[in-house]
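The next block holds one structure in the form of structure tokens; read it before the comments.
If you're wondering where the values come from, they're calculated on a predicted model, not measured in any experiment. Computation of the quantities below employed the complete heavy-atom set of this structure, encompassing side-chain atoms and omitting hydrogens, waters and symmetry-equivalent molecules.
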Amino acid sequence: MSSRIGQSRIGLSSYAYFWQLSDKVAEPLSIHDALERTAELGVDLFQICDYAPLEEMDDAGLAAVRATADSLGISLELGTKGIRPEHLRKFLHIAGILGSPILRTMFNTPGHTPTTEEAVAIFKEVLPDFEAAGVKIAVETYEQVPTSRVLDVIRGVDSPYLGICSDPANTVAALEMPREVIDAVAPYVLNMHIKDFAFSRKDGWVGFTYSGAPLGEGLLDYGYMAGKIRPHERNINQIVEHWLPWQDSEAETIRLENQWTRQSIEFLRSK
């Protein structure tokens with residue numbers, strides 16, 4: 001079954017295999033393994049996002065990842081953090097090898113928290129290179145930077161090659177209401193991260209835990225979000241992620257991670 005729905009595609013993020021790709025498990029997946037798992041689920045899009053080993057690969061290693069994806073009929077997208085010009089250009093090079101038409105990023109990294117003016121200047125500097133390569137930059141909504149400031153940068157640059165990666169779950173930690181964020185960013189969205197979330201009482205009933213939930217069972221109002229952003233009409237891909245807490249055992253964590261991934265795909269295919 002194809003992961004295409006109209007003009008929108010369902011994809012998996014490396015965050016859908018967060019624990020299994022990490023050294024927390026006894027036998028971590030390689031990125032090649034994750035691509036094979038993705039193909040087995042009938043999904044033809046995979047976003048390699050914040051996956052540290054990618055930065056250590058040489059061009060031959062990156063080409064091998066692309067070859068695996070091509071052999072499985074999977075298209076690749078790319079994600080990183082930070083907007084230093086040299087970093088963005090490095091990932092533009094990686095995007096070229098992987099064949100990614102988009103680079104998702106976030107503003108802040110340790111040692112670099114650009115102001116609105118600095119961010120605008122950086123994007124204006126690097127975007128000609130991205131335009132020439134046919135790669136768009138999507139800045140993710142998240143708690144470290146107010147959504148209004150992200151939008152100030154997007155509007156200040158005013159380029160079809162710079163937009164938003166929408167993830168309203170992230171912004172709750174900054175006390176931004178998901179619907180308000182969705183309303184604000186909708187015209188500028190280039191990519192969507194889809195993960196559900198919920199609050200639960202802590203033991204002893206003192207405080208709450210804000211964590212992930214299986215897609216369709218938490219507080220994400222997917223219908224409202226899809227209605228505002230209109231991914232099918234606008235050819236915006238929907239990338240599955242999870243906030244799955246580590247469970248009591250490795251086996252249970254892996255079981256749930258795989259279950260949540262399958263459930264997310266089924267949920268999105270039903271819409």
Side-chain angles (χ1 to χ4, degrees), residues 2-16 18 41 43-47 49-50 77 79 101-107 136-155 160 162-200 210-244 260-271:
S2 173
S3 58
R4 295 174 186 270
I5 299 181
Q7 293 300 306
S8 178
R9 295 170 72 185
I10 299 168
L12 294 183
S13 167
S14 45
Y15 277 101
F18 177 80
L41 291 168
V43 175
D44 61 6
L45 177 64
F46 189 80
Q47 186 176 93
C49 197
D50 305 338
E77 292 184 351
I102 198 162
L103 176 65
R104 164 277 202 186
T105 196
M106 295 172 160
F107 281 0
K136 296 182 178 181
I137 299 176
V139 180
E140 186 162 350
T141 55
Y142 74 129
E143 71 283 354
Q144 292 186 22
V145 181
T147 299
S148 60
R149 191 155 77 81
V150 176
L151 288 172
D152 285 343
V153 172
I154 303 299
R155 296 183 183 117
L162 181 68
I164 293 287
C165 175
S166 170
D167 192 337
N170 292 341
T171 63
V172 174
L175 302 184
E176 293 188 341
M177 297 301 291
R179 281 197 175 196
E180 293 175 8
V181 171
I182 291 164
D183 290 347
V185 304
Y188 306 97
V189 172
L190 300 175
N191 198 245
M192 296 171 70
H193 282 180
I194 310 295
K195 64 173 176 272
D196 215 334
F197 54 93
F199 291 91
S200 60
Y210 180 54
S211 188
L215 186 57
E217 297 181 18
L219 296 173
L220 178 69
D221 190 341
Y222 177 82
Y224 184 86
M225 180 172 66
K228 283 289 183 176
I229 296 176
R230 296 179 289 113
H232 309 323
E233 299 171 41
R234 296 169 59 197
N235 195 23
I236 297 170
N237 293 336
Q238 302 182 74
I239 308 298
V240 170
E241 295 187 332
H242 307 311
W243 270 345
L244 172 67
W260 284 25
T261 297
R262 288 191 300 271
Q263 181 170 329
S264 296
I265 295 166
E266 292 166 2
F267 178 91
L268 290 174
R269 283 176 173 161
S270 71
K271 299 303 175 181

(Q) Walk me through whether Trp260 and Asp196 qualify under side chain to side chain contact (heavy atoms under 4.5 Å, CB included). (A) CA-CA 10 Å; Trp260 284 25; Asp196 215 334; over 6 Å; no
Q: Compare every heavy atom of Ser166 with every heavy atom of Ile229, then report the nearest pair and how far apart it is.
A: CD1-OG, 3.7 Å
Listed pairs under 3.5 Å, donor-acceptor, residues 178-186 side chains, sequence neighbours left out:
from: Arg179; atom 1: NH2; to: Asp221; atom 2: OD2; distance (Å): 2.5
from: Asp183; atom 1: OD1; to: Tyr224; atom 2: OH; distance (Å): 2.5
from: Asp183; atom 1: OD2; to: Tyr224; atom 2: OH; distance (Å): 3.1

Q | Closest non-hydrogen atom pair, Asn170 against Thr141 | A | ND2-O, 3.1 Å
Q. Under 3.5 Å, is there a donor-acceptor pair linking the side chains of Gln47 and Asn237?
A. no
(Q) Any non-hydrogen side-chain atom of Val240 less than 4.5 Å from a side-chain atom of Gln263? (A) no
Q | Arg230 (side chain) donor-acceptor with Ile236 (main chain) under 3.5 angstrom | A | no
Q | Gap between atom CD1 of Ile194 and atom CD1 of Ile10 - 0.5 Å precision | A | 9.5 Å
**Q.** Verdict with supporting geometry, Leu215 and Ile265, side chain to side chain contact (heavy atoms under 4.5 Å, CB included)
**A.** CA-CA 9 Å; Leu215 186 57; Ile265 295 166; over 6 Å; no
Q. Would Leu220 and Lys195 satisfy side chain to side chain contact (heavy atoms under 4.5 Å, CB included), going step by step from the backbone distance to the final call?
A. CA-CA 8 Å; Leu220 178 69; Lys195 64 173 176 272; over 6 Å; no
Q) What pair of heavy atoms forms the shortest contact from Arg234 to Pro187, and how long is it? A) NH2-O, 3.3 Å
Q: Quick one: pull up CG in Leu175 and CD in Glu143 and give me the separation to the nearest 0.5 Å.
A: 11.0 Å
Q: Evaluate the side chain to side chain contact (heavy atoms under 4.5 Å, CB included) criterion for residues Met192 and Ser8: first the C-alpha distance (whole Å), next the side-chain angles of each, then the deciding distance (0.1 Å), finally the verdict.
A: CA-CA 10 Å; Met192 296 171 70; Ser8 178; over 6 Å; no
Q) So how far is it from Ile137 CD1 to Ile164 CD1, rounded to the nearest 0.5 Å? A) 12.0 Å
Q) Can you name the residues that form a side-chain contact (heavy atoms from CB on, under 4.5 Å) with Ala198, not counting sequence neighbours? A) Ala213
**Q.** Point-to-point distance, once rounded to the nearest 0.5 Å, from NE2 of His193 to CZ of Arg104
**A.** 5.5 Å
Q) What distance separates Ser13 OG from Asp50 CG, expressed to the nearest 0.5 Å? A) 7.5 Å
Q: Mind checking ring pair (Phe, Tyr, Trp, His ring centres under 6.0 Å) for Tyr188 and listing every partner two or more places apart, or none if nothing turns up?
A: none
Q.
So which atom in Asp44 and which in Arg9 form the shortest heavy-atom distance, rounded to 0.1 Å?
A. O-NH2, 2.8 Å
Q | Main-chain N/O of Leu268 paired to Gln238 side chain as donor or acceptor, under 3.5 Å | A | no
**Q.** Where Thr171 and Tyr142 come nearest, the two heavy atoms and their spacing
**A.** CG2-N, 4.0 Å
Q. To the nearest 0.5 Å, what is the distance between CE (Met106) and SG (Cys165)?
A. 7.5 Å
Q. Within a strict 4.5 Å, meaning less than it, do heavy atoms of the Ile239 and Tyr15 side chains meet?
A. no
